[in-house]
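This report refers to the structure that appears directly beneath it.
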Amino acid sequence: MAERPEDLNLPNAVITRIIKEALPDGVNVSKEARRAISQAASVFVLYATSCANNFAMKAKRKTLNATDVMSAMEEMEFERFLQPLRESLEAYKKGQKGKKEASEQKRKDAKEKKNDVEENDKSREEEEEEEERMEEDQEAENEVEEEEVEN
């Protein structure tokens with residue numbers, strides 16, 4: 001847990017970016033207003049987390065999940081944010097699924113490449129062994145011919 005109230009504030013850069021995205025161009029926000037919004041956002045996050053934690057505890061879980069957060073939003077009477085939150089969560093899940101599939105494909109491609117390299121190495125080894133056998137056979141034939149010539 002945080003030891004000081006200031007430790008609970010969200011980063012100023014994040015708050016400033018959110019404010020800029022929410023307001024039309026040309027609207028300025030004072031430093032004092034940004035600080036107030038930052039503190040309000042921090043309080044909201046703490047309250048939402050506490051409410052979500054209550055739902056997790058009722059379900060005898062230690063891990064908060066999206067359902068807990070949705071239930072907390074409803075309990076806090078923020079129902080109008082539930083649909084946008086669900087849509088955002090769905091988009092996040094799709095993005096994660098896409099990343100997972102891309103990662104699995106990359107792993108599969110790497111494995112196939114490794115197998116191809118191993119097969120090529122094996123083929124090269126077999127070719128080299130065949131060449132050595134042929135050279136040995138040729139040497140043996142040459143020795144036999146030399147012996148016949150000497151006799």
Side-chain angles (χ1 to χ4, degrees), residues 1-4 6-25 29 34 37-76 78-151:
M1 284 295 292
E3 295 178 16
R4 301 173 299 158
E6 301 84 46
D7 294 341
L8 301 174
N9 289 336
L10 298 170
N12 287 331
V14 173
I15 297 299
T16 301
R17 183 171 36 93
I18 292 170
I19 291 170
K20 283 183 179 179
E21 289 175 6
L23 296 174
D25 290 338
V29 178
R34 274 197 308 269
I37 291 169
S38 176
Q39 289 175 334
S42 296
V43 168
F44 174 78
V45 170
L46 291 170
Y47 183 53
T49 303
S50 177
C51 288
N53 187 49
N54 290 339
F55 284 102
M57 286 175 34
K58 286 177 189 173
K60 296 183 168 87
R61 288 183 284 107
K62 290 186 176 184
T63 304
L64 304 181
N65 61 32
T67 306
D68 298 326
V69 175
M70 300 290 187
S71 298
M73 294 295 285
E74 197 170 345
E75 182 177 281
M76 295 172 6
F78 282 100
E79 291 91 358
R80 70 181 187 153
F81 294 108
L82 286 175
Q83 190 56 39
L85 186 55
R86 283 188 188 102
E87 291 168 2
S88 179
L89 181 61
E90 194 60 37
Y92 171 78
K93 285 180 181 180
K94 285 180 183 177
Q96 290 300 316
K97 185 178 179 184
K99 285 181 183 180
K100 183 178 179 182
E101 289 171 353
S103 176
E104 288 173 356
Q105 185 63 40
K106 189 175 181 181
R107 201 174 304 119
K108 183 180 174 185
D109 292 346
K111 187 176 181 180
E112 287 176 4
K113 185 176 181 181
K114 181 181 176 187
N115 289 340
D116 289 346
V117 168
E118 288 175 356
E119 287 177 16
N120 287 342
D121 288 347
K122 191 182 254 187
S123 296
R124 267 191 238 117
E125 287 175 8
E126 289 172 355
E127 287 175 8
E128 289 172 1
E129 288 174 3
E130 181 64 27
E131 285 177 11
E132 286 177 15
R133 276 195 297 271
M134 290 175 70
E135 287 174 5
E136 289 172 0
D137 290 347
Q138 186 64 39
E139 287 175 8
E141 284 178 23
N142 289 345
E143 288 176 11
V144 169
E145 288 176 4
E146 286 176 7
E147 285 179 16
E148 288 176 359
V149 170
E150 288 177 4
N151 290 338

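We number each residue from 1, following the sequence as shown.
A distance-only check finds a donor-acceptor pair linking the side chain of R34 to the backbone of V29 [under 3.5 Å].
Listed by first and then second residue, the side-chain hydrogen bond (donor to acceptor under 3.5 Å, both in side chains) pairs that reach into residues 56-70 are R61-D68, sequence neighbours excluded. Within the structure, salt bridge (charged side-chain N to carboxylate O under 4.0 Å, His left out) pairs that include any residue of residues 15-25 do not occur (at least two apart or interchain).
By the side-chain contact (heavy atoms from CB on, under 4.5 Å) test, L82 pairs with M70, M73, E74, E79, R86, sequence neighbours left out. Contacts of R133 classified as salt bridge (charged side-chain N to carboxylate O under 4.0 Å, His left out), with partners at least two apart in sequence or in another chain: E130.
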Show which side-chain atoms of residues 37-47 pair as donor or acceptor with protein atoms under 3.5 Å away, not counting sequence neighbours.
| unit_1 | atom_1 | unit_2 | atom_2 | d |
| --- | --- | --- | --- | --- |
| S42 | OG | L8 | O | 3.1 |
| S42 | OG | L10 | N | 3.1 |
| S42 | OG | S38 | O | 3.0 |

Anything under 3.5 Å between a donor and an acceptor, one on a side chain of residues 87-95, the other on a protein residue two or more places apart or in another chain? List them.
| unit_1 | atom_1 | unit_2 | atom_2 | d |
| --- | --- | --- | --- | --- |
| E87 | OE2 | Q83 | NE2 | 3.3 |

Counting only pairs under 3.5 Å, give me each side-chain donor-acceptor contact of residues 50-57, with atom names and distances, residues two or more places apart or in other chains.
none

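For the atom pair CD (E135) and CD (E128), the distance works out to 10.5 Å, reported to the nearest 0.5 Å.
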